[in-house]
Protein chains: 2
Amino acid sequence: MAEDVFKALADPTRRRILDELVERDGQTLFEICTRLVTKHGLGLSRQAISQHLAVLESAGLVLSRRQGRYKFHDLDTEPLERIVTRWLRPDAPENTP
Amino acid sequence: MAEDVFKALADPTRRRILDELVERDGQTLFEICTRLVTKHGLGLSRQAISQHLAVLESAGLVLSRRQGRYKFHDLDTEPLERIVTRWLRPDAPENTP
DNA sequence: TTGATAGGCAAGTCGCTACTTGCCTATGGT
DNA sequence: ACCATAGGCAAGTAGCGACTTGCCTATCAA
């Protein structure tokens, strides 16, 4: 649903997570946690990030693959393009650069 | 700010408003109210829509021009394109159709 | 000038959501 | 077998956001 995509993008922390995943795919939960702390100074618990990842996953923006005791997360940008074309007028001057 | 754009898009009613404005620019508050009620069956007060329009306006998605006692609202899709390109990998296969 | 229309301001309520805390499961190393 | 690591589940809390209600201002028509 587009609803889930918009709600997922509404939170700044979730957008940071997408930033991390677009930089490097296949990160685990702990990797994302430490990156958010060190690079962005966010002091969040592991569960907070886990819940954010669940939201992103149910929105289709993040795909996860389990492997042993690790769970790797990958970015899927496919839902992004569809939701924005909703309001782009086909023949508006700013949309035909 | 991109923050305001994402928060503005998070609400379903505000997205409906954008739907109405992309269909016809220059609508007043009351026009939008009646359209949301008749076409989408939303039973919202005038103030609710007014506050939504304020959010959209502060996000730069809606421009307003006052004329007498009327206030016309226009859609501006410019902020939309910038926020999505944030996570689109330049050379990913799904982004080069 | 009076009344009706179009809109704004401010306070208050209510539900959702982000976050925490505590405990539990499972996999891997030694 | 043991312990550490990677992650999950569930309940509880706090703050934000959507919506309402009531009242106020401004413009136009009669």
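Quick caveat: nothing in here was measured; it's all calculated off a predicted structure. Letters A, B, ... are given to chains in the order of the sequence lines, protein chains preceding strands, and every chain is numbered from 1.
Among the nucleotides D/dG8, C/dG7, C/dT20, the one closest to the side chain of A/Arg46 is D/dG8. Taking only side-chain atoms of A/Lys7, from C-beta outward, the nucleotide of D/dT20, C/dT17, C/dC19 with the closest atom is C/dT17. Closest contact between the side chain of B/Lys71 and the listed nucleotides D/dA6, C/dG7, D/dC19 involves C/dG7. With D/dA4, C/dG7, D/dG8 as the candidates, the nucleotide lying closest to the side chain of A/Arg69 is D/dA4.
Ionic pairing of B/Arg86 and B/Glu81 is not present here: no N-O contact between side-chain nitrogen and carboxylate oxygen is shorter than 4.0 angstrom. Between B/Glu20 and B/Arg15 there is no salt bridge, since no side-chain nitrogen of the basic residue lies less than 4.0 Å from a carboxylate oxygen of the acidic one.
Toward the 5' end of DNA chain C, the nearer of the two residues A/Gly68 and A/Thr13, judged by each one's closest nucleotide, is A/Thr13. If you find the closest nucleotide of DNA chain C to A/Val55 and to B/Phe72, the one lying nearer the 5' end belongs to B/Phe72. Both A/Thr28 and B/Ala10 lie close to DNA chain D; mapped to their nearest nucleotides by heavy-atom distance, the more 5′-ward contact belongs to A/Thr28.
One atom, CZ of B/Phe30, and another, C1' of C/dG7, lie 7 Å apart when rounded to the nearest Å. Residue B/Arg66 contributes atom CZ, which lies 9 Å from atom C1' of D/dT27 at whole-angstrom precision. The distance between atom CD of B/Glu57 and atom C1' of C/dG7, rounded to the nearest whole Å, is 13 Å. One atom, CD of B/Gln51, and another, P of C/dC14, lie 17 Å apart when rounded to the nearest Å. Atom CG in B/Leu42 sits roughly 13 Å away from atom C1' in D/dA18 (whole-Å rounding). To the nearest angstrom, P of C/dT17 lies 11 Å from CG of A/Asp11. We find that CG of B/Leu53 is positioned 13 Å from P of C/dC9, with the value rounded to whole Å. The nearest whole Å value for the distance from the CZ atom in A/Arg16 to the C1' atom in C/dA18 is 17 Å.
The base of C/dT27 does not come close enough to the side chain of A/Gln67 for any donor and acceptor atom to sit less than 3.5 Å apart. Residue B/Gln47 places a side-chain atom within donor-acceptor reach of the base of C/dG8, judged by atom type and a 3.5 Å distance cut-off alone.
Here A/Ser50 reaches the OP1 or OP2 of D/dG8: one of its side-chain N or O atoms lies under 4.0 Å away. Here B/His52 does not reach the OP1 or OP2 of D/dG17: none of its side-chain N or O atoms lies under 4.0 Å away.
Judged purely by atom type and a 3.5 angstrom limit, A/Ser50 has no side-chain atom pairing as donor or acceptor with the backbone of A/Arg46. The main-chain N or O of B/Lys7 is found under 3.5 Å from a side-chain atom of B/Arg14 such that the two form a donor-acceptor pair.
Contact annotation: the side chain of B/Leu80 approaches that of B/Leu9 to within less than 4.5 Å [non-hydrogen atoms, C-beta and beyond].
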